[in-house]
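Each remark here refers to the structure printed beneath this line.
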Amino acid sequence: MWSLIEREIRDNIVNVAGLFIISAIMVGVFVCDYFWDLGGAAVSVPSLLLGLMLLGFAMLGASQMYGDRTNRISSLLSTLAATRNRIFLARILVGLVVVLVSLVPGIVGALASLRADWAPVELFRRPLAEISIMIVLTGWTCYGVGLLIGWSPNKAHRLVGLFLLLVLALSLVVVKGFGPEAMAILSLSLGATLVRTWHTFTSASL
Amino acid sequence: MNTRKYNIFSVLATGMVVLVLLSLSLFWLRFLVSVRRRALLPGGSLSLTLPLSPRSWGLTEKPDPNRPFPALVHGATGTAFDFLVSLGAPHYVWTWLPCLPGGAAQSPIYRWGEEPGGPLLYYDSSLGQIVYQATEVTRREDGTSTERHVAYYAGPEGIGSEPDPKHGRFRSLVVDPLCLNPQIVYDRVLRRFFAIRWRQQEQTVQAGPPLADDDPHQPVQIRVLAKCTPLVGASILPGRHVSGENAPRSIHWESYFLPSGRLLVLDASGRIDLLDQQKLEYVHSAGALPVPPGLFDSAGANRPEDFVAYDVKPFYLPGPRGDWERRDGGWAVASLSREGLGMHLSVFDPNGRPLAESETEITQYIALGRGGAPQGPISSTRAAYFTLPSAQVLTGAQFVLENLHPPLLLVLSYLAGPHMEATAGSRSLFLLPDSFIAMAARDAGSTLIDRIFLAVVLGFPAVFLAVWLAARMGRDARRMGLSKNTRLGWWIATVILGLPAYITYRLMRPRVTLVTCANCGVGRRPDQEKCHHCGSPWVVPELTPPAWRVLGEPEPAEENSLSREPQADSQVQ
């Protein structure tokens, strides 16, 4: 299993590294705001970076599935006594962990910056927790959208589909907000996306 | 591997994804239609003005032309884009930020100064007490001042500088967000009002008499009675402009601090009551939230959750003897309908007697040659749905979009719509509390049979579409050779869930190219051994053994009997 995970990271090192770099930049912005009070830039720049990261998560998922399909990686790995379920599980684990590792430092940095600028942060514990969880769920959902659309052989279908599904997925947060109801719908959508992708992957011919 | 079980999971997962994506798409289309409909209103918003005069209050003194008097009550709604505040993310932020009129429904923070030493007032659920933190400035005799950070903890039994269980616990609070001395709070569990004085030298908690168990009062807001104030607001005009020895300044008639010392309390039933701030007892009823005009009869739907927005503005009148002698003038109440297309404005006197009221109306004109003649006013809601330019197109578009929803969700919208909060329609993906079918459920002017009949008529296109899609799905499934049970399951799902189920079927159906059956001539699946129409197996001539056989070969002769003559001929069939 570890070898599968390692291979998965190696095959998508560009995407993974890019996401970690964006996350580091976001943390850097919050650190600068903590010491020098950047004002409005402390909100606008991380917001832009968060948007880039969400797009990056979708592209990571899409490149994982597209790379597998075009390079027939699963066919090769299946000859090495690795089942498709394990291959898929390793792929998903890498994606979900990369999303988490990319987002959590930024969220922690944002909370630290808020705490420095804004006294009653403890009193907003619940909304801050809900917003943080929603950001992670949104990242995972964008990754799931990428997995879903990455298997398509048609390039135009991939590009347009990725854009449309991403916009719809993000609009879910605008429509439902950050409360428990939104979390439930996003979690169900994420689970459904992963199951659908798993079925497509395991039932496709090698 | 149980492929059937895993396939069911995949079908359910695909269906979930399709349902969410389709619901989102339909939501945004409906949202665009509603924004466009609000933009049809003249100026993109609604406004009303009610004239007032001293005679409205039965005042007999002659009006002094040198002393302004509140002459107009004005109500206005926001523009079409102000309704964005009802969407989930902005609404979530709105309900958590303190000190926003009509907001902060979930926030335990009642006052929050942005400066580091600014006052902070919040409810600590772990202590069950209200906490007040501030920086107090003490001036000395020599002119200098000292600052110290203070914190006070108030419970129903007392107040102190340390959290003390002896002060008791508040359970579920409704709080006056505006005044701190005294701050009026109501505890829903203890069923009584409290007046908390936070000022350093006079810290007290005064408890009012408990409400009786059968008392119908259920306060939901105190002093500042408002909801979603970007969407509707009431104001008293003109504002006074004072000039002279002092610098020119404007004085507004609106005041949440009435000269009589009383304050307004909004009840869960929509009734407005007057509370005596000293005795913490109800004085009398002071009016009610007026029901604005909707598409159907909404009589009786005047609970706070039945309105998208409302605003209650108390105001005062100048006294007879001096500019600064004030008396209670009453309160203006503006309310906005669920659709955001109708507004009602009312004015009540200090005794709760209605003085004036009006609803938004639009005058229709019928074309007569070159000009037009007024036909008569109709409510702004009906005009926005039927008579304004492009209104009928938008209404038709909304009707079509609603009927693309699954029939099951439309039925649930009919059942749940009347009980859902008015702004929930701006955040609801699956249930449609603002749909025509939900409006029919809320129609107070019809009997139950009439409402059900109307709902059936309004939902018929959705059911027809679902049945038609189910028939198409059934034909295709039979052609593709799905089993009877599978076809039945898909048929039921399509009838119940409509378009999302059909799309899911199209995504999950077997992707095989049918081959013509040699026996019946109809397409059959190449991955099945028998034709699913006639049951005939595959006809493959090259695999069919020949009809003739060579039987009964003679035993090969031994070596010693090589001289024996072989048999004349072998048996051939």
Side-chain angles (χ1 to χ4, degrees), chain A residues 83-85 116-128 130-131 134-135 138 141 144-145 147-149 161 164-205, chain B residues 1 3 6-25 27-28 31 84 86-98 106-118 120-125 131 133 424 426-430 504 507-508 511:
Chain A
T83 63
R84 282 204 269 187
N85 283 337
D117 292 339
W118 211 40
V121 169
E122 292 84 9
L123 301 176
F124 290 95
R125 204 171 293 144
R126 185 181 152 191
L128 289 175
E130 287 179 349
I131 292 173
M134 277 298 291
I135 290 175
T138 305
T141 302
V145 165
L147 287 174
L148 198 64
I149 212 74
L164 283 177
L165 290 183
L166 265 186
V167 167
L168 281 176
L170 292 175
S171 71
L172 181 62
V173 181
V174 175
V175 172
K176 298 301 289 183
F178 302 98
E181 200 180 325
M183 285 185 214
I185 294 177
L186 215 52
S187 301
L188 282 173
S189 304
L190 171 65
T193 308
L194 292 178
V195 170
R196 165 73 180 168
T197 309
W198 168 80
H199 181 261
T200 305
F201 177 70
T202 53
S203 59
S205 58
Chain B
M1 184 170 97
T3 55
Y6 288 118
N7 199 32
I8 290 176
F9 285 143
S10 179
V11 167
L12 290 174
T14 307
M16 178 73 194
V17 173
V18 169
L19 181 64
V20 170
L21 293 178
L22 184 67
S23 300
L24 271 170
S25 306
F27 173 89
W28 285 113
F31 186 79
L84 289 172
S86 299
L87 287 174
H91 182 264
Y92 181 88
V93 174
W94 185 269
T95 56
W96 276 102
L97 285 180
Q106 298 193 53
S107 176
I109 305 174
Y110 309 131
R111 181 69 63 88
W112 163 38
E114 292 186 9
E115 297 298 323
L120 181 62
L121 185 71
Y122 63 94
Y123 172 69
D124 191 326
S125 56
V131 182
Q133 297 176 5
S426 299
R427 301 182 292 279
S428 183
L429 274 185
F430 304 120
T504 305
L507 290 174
M508 298 300 297
R511 296 173 192 277

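Letters go in sequence order (proteins before strands), and every chain restarts at 1.
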Distance from B/Met16 atom CE to A/Ile185 atom CD1, nearest 0.5 Å? 7.0 Å

Can you confirm whether B/Val11 sits close enough to A/His199 that some side-chain heavy atom of one is under 4.5 Å from a side-chain heavy atom of the other? no

Interatomic spacing from OG1 in A/Thr200 to CG in B/Leu507 - rounded to 0.5 Å: 9.5 Å

B/Phe9 and A/Val195 have their tightest heavy-atom pair at O-CG1, 3.7 Å

Which atoms of B/Ser23 come close to chain A, meaning under 4.5 Å heavy atom to heavy atom: side chain ones, backbone ones, both, or neither? neither

CD1/A/Ile131 to OH/B/Tyr92 distance, rounded to the nearest 0.5 angstrom? 5.0 Å

Contacting region of B/Leu429 [heavy-atom separation from chain A under 4.5 Å]: both

Would you find a donor on one side and an acceptor on the other, under 3.5 Å apart, between the side chain of A/Lys176 and the backbone of B/Ser428? no

Heavy-atom contact with chain A under 4.5 Å, split by part of B/Phe430: side chain

Measure distances from A/Val173 to the heavy atoms of chain B and classify the residue's part below 4.5 Å as side chain, backbone, both or neither. backbone

With a 4.5 Å cut-off on side-chain heavy atoms, are A/Leu128 and B/Trp96 touching? no

Could you grab the distance from atom CG of A/Leu172 to atom CZ of B/Phe27, nearest 0.5 Å is fine? 10.0 Å

Which pair of non-hydrogen atoms, one from B/Val17 and one from A/Ser189, has the smallest distance, and what is that distance? CG2-O, 4.4 Å

